[in-house]
Amino acid sequence: MSNSQSTNPRSTNHYAVIMAGGVGSRFWPVSTEEFPKQFHDMLGTGKSLLQQTFERISKIVPAENILILTNDRYENLVKQQLPKIENKRIFLEPAMRNTAPCILLSAMKIRQENPDAVMLVAPSDHWIEDETAFSENILTAFQTCQNENILMTLGIQPAFPNTGYGYIQFEKSEKEIKKVSQFTEKPDYQTAKTFLEAGNYLWNAGIFSWSVKTIIAEFKTQLPEMYELFSEGKEILNTEKERKFIAENYAKAENISIDYGIMEKAKNVGVLPASFDWNDLGTWGSLHNQLPKDDQNNAVVNGKSLLLNSENNMIRLPEGKVIVAEGLHNFIVIDKEDVLLIIPKKKEQEIKEIRNQSIKKFGENLG
């Protein structure tokens, strides 16, 4: 890290985009379309995942340089949870179009304000324990992107052959930042096992960094139609006419992720192996891993419990509610006002489909 960054880590050229538009359907019934998981206090800390992410990033990016990307239906939730954020820093998506369109528009908005900017793109709903290590890694990425024409991603050292994550293969070298060879979407177990044995694969955390100039140029090359579509309104970005332009044009953009649209095609991609512990909090099981547990490995959020001959359970209750259980092993129990979910932990990947079946049978208000 350079001296200038050590003494002033929150440079005015540092910007961040926090992605907060998803539904988090695998955390049903707590996470719903009206109130998704990023706005919940999933870890029982007194702060939502979005609030924790904002605080973490504001240590290295001036708060006024942080944009929140979310669906327009969540505007009030963002304002309630981040009351100090300016309206112009909330980017509202009028339609679901995956990650590429909103990242391009965000980069164009930032470039209009500061052509020398480097930006971080990060999800709003991840768990990161060592925030000091996170800050150091991001500052390394910022410094690299300021000096080089590079698209950077942070990779997580894989702890086991997880089939639920994408993987990043890199060229082995002594350099801190590795050249990316290829991205692989969620592999099967045997493939994931060979990745870990090879030693040059990392989990893809969906955390990116680049200069606004570099990423916009890459969009112009790889997704020219999207670039042209949004370039028509570049002069009115950050003005009162911006929202009308986005409302009229956003849905015309291709529905494609930044991974497929840009990262997998680009030649100038680097990865920094992260030095912090990370969990994407994608399922109740992954949340169970991060919570305090009793002697029988049961995690209980909010309520009180008397668990007899019961182990390895993930339980979430309304505040103050009591659960008494005997002989309960490896279950997810989620009690939320109008829904009680009881499902074996090994079936947690089916929660998304169970949610859909419940909505079909009992109505949209459950989802």
Side-chain angles (χ1 to χ4, degrees), residues 1-2 4-21 38-39 47-72 74-93 99 101-126 128 131-132 134-146 152 154 206-216 230 233-246 250:
M1 196 188 309
S2 70
S4 61
Q5 284 187 310
S6 300
T7 54
N8 181 23
R10 295 164 75 252
S11 164
T12 53
N13 285 343
H14 294 169
Y15 284 74
V17 171
I18 298 175
M19 314 282 283
Q38 61 268 28
F39 301 108
K47 294 174 183 170
S48 73
L49 295 175
L50 173 63
Q51 288 169 322
Q52 288 184 299
T53 301
F54 187 88
E55 285 186 13
R56 182 187 311 126
I57 290 174
S58 62
K59 291 174 183 173
I60 45 174
V61 175
E64 62 272 17
N65 288 0
I66 300 176
L67 280 72
I68 309 296
L69 300 192
T70 193
N71 191 276
D72 55 9
Y74 306 136
E75 180 177 11
N76 288 334
L77 281 171
V78 172
K79 288 179 177 178
Q80 287 164 20
Q81 297 202 356
L82 302 174
K84 293 182 179 176
I85 198 164
E86 299 174 86
N87 284 345
K88 67 179 183 178
R89 295 306 188 196
I90 304 173
F91 181 107
L92 300 173
E93 301 166 89
T99 52
C102 57
I103 288 174
L104 173 57
L105 265 173
S106 300
M108 294 175 92
K109 276 168 64 64
I110 293 168
R111 181 184 63 177
Q112 199 78 340
E113 192 174 299
N114 181 351
D116 297 320
V118 290
M119 60 187 274
L120 166 71
V121 177
S124 60
D125 53 3
H126 290 182
I128 290 169
E131 298 198 349
T132 301
F134 172 81
S135 295
E136 289 174 354
N137 285 174
I138 299 304
L139 289 171
T140 297
F142 277 162
Q143 183 179 14
T144 305
C145 295
Q146 195 87 64
M152 278 195 60
L154 262 64
I207 302 172
F208 306 105
S209 180
W210 38 58
S211 72
V212 291
K213 291 173 184 171
T214 298
I215 189 63
I216 292 171
F230 292 155
K234 67 180 180 182
E235 299 302 327
I236 58 172
L237 295 177
N238 304 324
T239 74
E240 68 275 4
K241 295 179 182 177
E242 175 187 291
R243 190 170 284 198
K244 184 172 184 286
F245 172 79
I246 291 173
Y250 195 79

The complete set of side chain to side chain donor-acceptor pair (under 3.5 Å) pairs with one or both residues in residues 83-93, sequence neighbours excluded, reads K79-N87, R89-E113, E93-Y250

Residue pairs passing the side chain to side chain donor-acceptor pair (under 3.5 Å) test with at least one member in residues 58-71, sequence neighbours excluded, are K59-E131

Which heavy atom in [X] sits nearest to a heavy atom in [Y], and how many Å separate them?
X	Y	answer
Q112	E235	NE2-CA, 3.6 Å
P62	H14	CD-O, 3.7 Å
A20	I68	CB-CG2, 4.1 Å
F142	S209	CD2-OG, 3.6 Å
T53	H126	OG1-O, 4.5 Å
K213	P115	CE-O, 3.1 Å

Under the side chain to side chain contact (heavy atoms under 4.5 Å, CB included) criterion, do M152 and F208 qualify, and how do the steps go?
CA-CA 6 Å; M152 278 195 60; F208 306 105; over 6 Å; no

Rounded distance (nearest 0.5 Å) linking atom [atom1] of [X] with atom [atom2] of [Y]:
X	Y	atom1	atom2	answer
L120	I57	CG	CD1	5.0 Å
F230	M108	CZ	CE	8.5 Å
Q80	E75	CD	CD	11.0 Å
M119	S211	CE	OG	10.0 Å
F134	I128	CZ	CD1	4.5 Å

Are side-chain heavy atoms of [X] and [Y] found at a separation under 4.5 Å?
X	Y	answer
S106	Y15	no
L139	E136	no
L92	Y74	no
L154	I138	yes

For the pair F91 and V17, evaluate side chain to side chain contact (heavy atoms under 4.5 Å, CB included) and give the outcome as yes or no after the intermediate values.
CA-CA 9 Å; F91 181 107; V17 171; over 6 Å; no

Using a 3.5 Å distance criterion without hydrogens, assess whether the side chain of N238 forms a donor-acceptor pair with backbone atoms of K109.
yes

Test item: Q146 side-chain N/O and D116 main-chain N/O as donor-acceptor pair under 3.5 Å
yes

Candidates L67, L69, L50 - the one meeting side chain to side chain contact (heavy atoms under 4.5 Å, CB included) with I18
L50

How far apart are the C-alpha atoms of M19 and I103, what are their side-chain angles, what is the distance that settles it, and do they pass the side chain to side chain contact (heavy atoms under 4.5 Å, CB included) test?
CA-CA 9 Å; M19 314 282 283; I103 288 174; 4.2 Å; yes

Before giving the answer on side chain to side chain contact (heavy atoms under 4.5 Å, CB included), spell out for L237 and L105 the whole-Å C-alpha distance, their side-chain angles and the decisive distance to 0.1 Å.
CA-CA 9 Å; L237 295 177; L105 265 173; 4.0 Å; yes

